[in-house]
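See structure below.
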Amino acid sequence: MSLLEVENLHIAYKEIEAVKGVSFFVSEGELVSIIGANGAGKTTILNAIMGLVPSQKGSIKYKGKDITNLPPHERAHMGIRIVPEKARLFPQLTVWENLMTGIYGIKKQISLEERLKWIYGLFPILKERETQPAVTLSGGEQQQVAIARALISDPDLVLVDEISMGLMPLLVDKVFEVLKELNEQHGKTILLVEQNALASLKISTRAYVLETGEITFSGTAEEVINDPRIHEAYLGG
Amino acid sequence: MKVVKVLLSVLVVLALFAGTALAGETIKIGVLAPLTGFAAADGESVLNSVNIAVDKINASGGVLGKKVELVVYDDRADAKEAVSLAHKLIGQDRVVAVVGGSYSMPTRAVATFFQEAQIPFVAAYAVHPDITKAGDFCFRNGFLAEVEGKAAAKVATDMLGAKRIAVLYSDIDFGRTLSKGFKEYIDTKTTGVEIVYSKAYPFKEKDYKPYLSEIKELNPDLIMVNGYYFQTGPILKQAREMGIESIILGEEGADSPKLVELAGPSAAEGFIIVTNLNRDDERPVVQEFIKEYEGRYGIAPDMVGASAYDALTIIVDAIQRAGSTDGKAIRDAIASTKDFDGLTGVIKGFNEIGEVVKPVQVQIIKFGKYRYFGVVDDPDIINP
Amino acid sequence: MDLFIEQLMNGLAIGAIYALITSGLSLIYGILRILHVAHAGIYTIGAYVGLGVYSMTGNLLFAILASMAVCSILGILVERIVYSPLLKFPPYVPLIASIALLLGIEEVMRLIAGPQIHGFPVSLPLATIRVGNISLSSALVMVYIVSIVIFFVLWIITSKTDLGLAMRAVSQDMSIASAMGINSRQIVSLTFAIGSSIAAIAGILVGIYFNQVYPTMGAVPAYKTLALIVVGGLGSVPGAILASLLLGIAETLLIGYANIPFPRDALAFVAMILVLMIRPEGLLGNIKKKI
Amino acid sequence: MDSYIITIGIFIAINSIVVSGLNIIVGYAGQISLGHAAFFGIGAYTAAILATKAGLSFWLSLPVVIVITGTIGLLMGLPSLRVREDFLAITTIGINFIVEAFFMYVPFFGGALGIGGIPRIEFFGTPLHGFAFLVLCLVFLVIALFISWWFTKAWCGLACFTLRDDEVAASTIGVSPVKFKLLAFVIGTAMAGIGGALYAHYMRFISASDFGFPVSVMMLSMLVVGGMGTVWGPILGAAILGILPEVFRPLIDYRMLLYATLLLLVIRLQPGGILGDNGFVKSRLKAFSRGGKNEK
Amino acid sequence: MKNNSLLRLENVSKQFGGLHAVEDVSFSLNKKEILGLIGPNGAGKTTCFNMISGALKPTTGKIFFKGIRIDGLPIHKIASMGIGRTFQIVRPFYSLTALENIQAALGIEKYQSKFQFWQKWDNQNIKKMALEILEKVGLADFAHYKAGLLPLGNLRRLEIARALALKPELLLLDESFSGLRQEEINKLSELILQIKESGVGILLIEHNMRVAMGLSDRMVVLDHGKLIASGPPEKIKNDPHVIEAYLGKGEKKYVAS
């Protein structure tokens, strides 16, 4: 059974129909990419899965349960977490406090110490920055906090939005490595939305190509990389 | 539920109105009082007192063979509302005279209009000097602030023998003119008396400690405090808490049973005021009123209510003497009032501007109640 | 010197009282960006409920708790019934609604408890402290103790508990906070409850300190606190407290040492306009102005 | 006609003039102001002082009143160039408190005693009162309405509308925000000044508390209830909120409560005002939700 | 050539704090030319736009319009010189009708004068002119609808119409195609070509590459604030720097062209 099943999803923002009947699924343990140029509607889809934007039509099923109309915090309690576009940390909270928001309400159910050790192992810089307000961090550091904030609750599904945007190439590599490790070694299911197609395809199991709100093509990462249509999706053929 | 209640009360009130309109043949006297808003407590006192007065008058057969009917309106102590209501009283209710039971600002604003309509108007306790200057149809039953200031100065120096005096007054028309009268008397009529401190506080002040701290350093014999009971009460409380031991003298604004509650019984004890109501006055009019008031409303009356009571009875007395409800006739009769047996003392009459001439009462708080302390009736003080 | 110290202590107490009212308002502004003028109405109700329960039971602690409970519930109701549906409108719409609410509360209190000023006679288990020529009344001491305790508790709640973390997160980014599993609606309600309970305590404290409880007691704080939250930095609770304390001291010293009867309310607004010109984000503000 | 009805009529007419001025600032140019009573007061005090101290007639002092209130309005409009929305709302509240304090504590303005003895307005030697004064107020109201209406038809009005809807977009079609916001403030406050002058000459006694913050709130409420940004909204609002308290008068105790409840209900159920165009409300909705706090 | 250019950016940079949003960018645009300004998210396109239209002042560098330096001038001044623009997220005047939106823009000269803004705008002449412009963009049927009620496609046209009402010599189009359906895209492309033919220079930000390539005479590509390529669309399409900027760093063999 798929962990996440999206069917015929329609989303409109103030007259702009951003997503026009998209269907896809993510199975447990997969790393799935949705790629496409900016404005294609990728971020909107992720936000809809998290519940941050309402959808007009279609359904979202998670672990077999229809979550289309649940508020975001209930979806979060069911084990979905998001790494939002541009990190969107709480700017006045410290790094530590930002991390703690990730386990709000479930602090007692986990062994925090172990989790922190793991997180700090992934991103050692965060330990140094623990007491700094998020707003003082660099873009790359903010992205790391955003990933850590999503992971600290040990979610079943991680939604990752445009993580490479505005990052130095070196950091992009590093971040993708972490995602790959999470997926392969820790078995995390990840739904990745990326503009940087090649980098994300390299770590993905499967991918969907999104063009102006519609899925134009899908397949395994390999298939997608080798298909000329991807070039078209980005550079207009 | 609430809506239903409100609607019902509208209907009841409207029915009452219709009823009274049919009854006709009454003598209508207008009353303006602040029944809501920040001055609502005074408005209530006015309303209570004039109701006692009108019941008493009607019980004894009314005036000129007719019952007296009060038309009471709530002006919220707001000048604009008072002006519309004045016109309502003049144009719709066609009252023969009006009791001004409100504060200075609205009373000052309406006086002009009653003057123009030639309707006699007696301000109960408002102190603005311009009220009576509006014209010969406007009278005042309360003391002019200056009169009271002078009387207070006489009490402070003659009766209490103070030499070093601090003055703390409310920064409104009342406070300013009262303290002016006070200082004038000290400057011209006394020797060896010094005003060591004089400051005004804003009307909405709640914390008097900054002023009292300074006064405490100066350690005067007496502190003259001006203000309403909700100002002087806290001043007393805070002064005593801070360890100030000077005598504290106040005026009619403090004349309310609420003062003791706000100051606390121990701080209030020994506080002296100049006012126009003497609770220990033996005359039956006073004792009956106090008894009736406490019986009906469960609290002690104050000077505001007593002044309104007098304003109304002066008008009724004048109608009786004039034998007519003609505005001009009533005006003349009020102007010629002489030795009227009022609640607030024997009223000697009104001077040519329309200011009342009557003795100033001095009261002291003993065991939490205002008691007789003395009286000031020097003609050069009480005749402005 | 004694005089100066005494003035300073008085000013600090007045400032602490302002701070109690303002801190709740600032919390609420921070989370909903609403100018909650009716906060002063909640404060008035707090004073009345406190007085009522105290005169029935004679137990001040019980009175405070009852008043906090009543005000919390009212605060939540106000948010749910009045503000929540108006959030999507221009800010003046909830503001006028709030002003109408304040007027309504004043009227209801007048109808229930009468227009008179009520004293709040409490015999405190505290002595007047006298040091040399300086005396600090028991009420003054009580203001210090209570406000220090409240600010401490508030500090603990906002910076040491999960609830406080959630409150701060929601105030900075409501939708991401909910994506982290925080129930934003609940947090908003809790914020109103906390802010309103502090207002209840402030009401009782003011009632005792000035020995006055009356229907329109909220009229002046309603607007002066707006100036204070701007001076402190919109949405910053420590800023609001700091601004309140400074204003309390400034007012007291100005009255004590300048021979003009300067209205306190205007002083707060003069300070506000100066702050807006020099440091628009407020003393400790961090919410960026929308330009 | 009954002098009571005339008085109510006069107050409604004066309020309509003043609220029309507020409408130009808030309804047309989109700049929130909660301090309009300050300008009403500046107009009233200027007229009162010119009449009592300089002996100027109403007609001679009127241009001075307009110039003075307009100029101060211009200065007070400056903050609107720097601060927005909540900040502007609080700043204008502050201006109201400061102006009121000025009247109250500067002896030149009569201090706490206010200014009395303001003469009646004379028209070719005949003092106007009662009905004649109402007619005068109505004449000024017609002028105010004409200005208000002309504003919707003139380029400057159109410029203000574009500023109200979207300041950046307005700039891109050549509208200078500084120029037109200040223009709206000057005209709006000058209209308040005229209302103030009429008020002073009608009341013949004014004091600082007549122009306090609650009066500003009342004016904004009239505008919101009547319908912001419409020519007739201010009159409807002034009439409703002027007549209602009088109608409720028999209720005495419950009067203000009912008034507050009604105001709350209107705001809650009809946030765009009674005359408010649904399209306008809807569009404001969009305009504001776009800048909403949950984004970015 | 340089002197003929309508718009010219000379070594323009913009810094926000430590971030170089635009770094040393130079390009020019001629009359009757469509210049496509493209680049991935965060490349600095909109910052460039905002500097040309006056919303931002460059940190260093100069911007010339018809040979006159315009950087740092207020937005309304730049507009009155003949530069019209649209917005990525549409910003029509919601409370006005479509017609009034255009009429408002026709007042551009009146707004600059000292007293002419007192004149009546609601006259037949202006209405006629506005209707003509609406007709041109195909919105005549919607003239009396409130802008707030129009669907996005029409709002995009309305914004272009509003910019045209300024009688601009330079038109800045910021992602005017985003959110549109294919048939709308086709219609709008036609309109833009018509506008170009009438002698207007057009600077186009567009992320729909198919559209951008189809319309532009020349293109300029930004990445991380820097100009990485410029030239005709055909050349851009195959430029390895551009491909890398868009698709990410990868072995080129994956990117079949």
Side-chain angles (χ1 to χ4, degrees), chain D residues 27-30 81 146-147 149-184 186-187 227-230 272-273 276-292 295-296, chain E residues 50 53-55 73-87 89-97 100-123 126 145-150 155 158-159 162-166 168 172 174:
Chain D
Y28 291 174
L81 306 177
F146 177 76
I147 294 172
W149 171 80
W150 185 256
F151 221 76
T152 64
K153 299 291 167 197
W155 289 109
C156 53
L158 192 57
C160 286
F161 294 160
T162 64
L163 278 177
R164 173 190 70 193
D165 278 5
D166 191 322
E167 207 173 308
V168 175
S171 309
T172 65
I173 60 160
V175 174
S176 157
V178 177
K179 182 171 169 181
F180 289 99
K181 271 191 202 174
L182 291 184
L183 181 74
V186 169
I187 293 173
M228 191 159 294
T230 60
D277 175 340
N278 267 340
F280 170 60
V281 175
K282 216 167 156 188
S283 59
R284 297 293 294 190
L285 252 165
K286 275 180 207 122
F288 275 89
S289 61
R290 198 182 55 234
E295 291 180 27
K296 224 166 115 187
Chain E
N50 284 336
S53 67
L73 290 181
I75 304 176
H76 66 274
K77 279 266 157 21
I78 290 181
S80 71
M81 292 172 75
I83 301 182
R85 74 164 290 182
T86 66
F87 295 92
I89 298 164
V90 284
R91 304 177 87 154
F93 305 122
Y94 286 102
S95 67
L96 305 182
T97 65
E100 287 163 345
N101 265 273
I102 310 304
Q103 284 169 301
L106 287 169
I108 182 147
E109 278 163 30
K110 311 282 181 186
Y111 303 141
Q112 314 308 318
S113 82
K114 284 256 174 340
F115 295 106
Q116 282 179 28
F117 55 72
W118 284 110
Q119 290 167 6
K120 209 170 161 209
W121 59 269
D122 200 6
N123 64 41
I126 297 287
Y145 282 59
K146 286 253 150 103
L149 301 176
L150 294 180
L155 288 180
L158 183 63
E159 280 210 337
R162 188 174 69 189
L164 286 180
L166 306 175
L172 310 174
D174 194 351

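Here is how names work: the chains are called A, B, and so on, in the same order as the sequence lines, proteins then strands, and each is numbered from 1.
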Under 3.5 Å donor-acceptor pairs involving side-chain atoms of residues 168-179 of chain D, not counting sequence neighbours:
from	atom 1	to	atom 2	distance (Å)
D:Ser171	OG	D:Glu167	O	2.9
D:Thr172	OG1	D:Ala169	O	2.6
D:Ser176	OG	D:Lys179	N	3.2
D:Lys179	NZ	E:Tyr111	O	2.7
D:Lys179	NZ	E:Ser113	O	2.8

Given the options E:Ser53, E:Ala55, E:Ala104, which has more heavy-atom pairs under 4.5 Å with chain D than any of the others? E:Ala104
Just so I understand: if I count every heavy-atom pair under 4.5 Å between each of E:Gly84, E:Ala105, E:Ser80, E:Pro168 and chain D, which residue has the most? E:Ala105
Assess the side chains of E:Asp174 and E:Thr86: does a donor N or O sit below 3.5 Å from an acceptor N or O? no
Taking the side chain as every heavy atom from C-beta outward, state whether D:Phe180 and D:Phe161 have any pair of such atoms under 4.5 Å apart. no
So what's closer than 4.5 Å to chain D heavy atoms on E:Ile126: side chain, backbone, both or neither? side chain
Bottom line for E:Ile108: the part with an atom under 4.5 Å from chain D's heavy atoms is both
Find out whether E:Lys110 and E:Trp121 are in side-chain contact, i.e. whether some heavy atom of one side chain is under 4.5 Å from a heavy atom of the other. no
Distance to the ring centre below 6.0 angstrom and angle to the axis at most 45 degrees; does that hold for E:Arg162 and E:Phe93? yes
Is it the side chain or the backbone of E:Glu109 that comes within 4.5 Å of chain D heavy atoms, both, or neither? neither
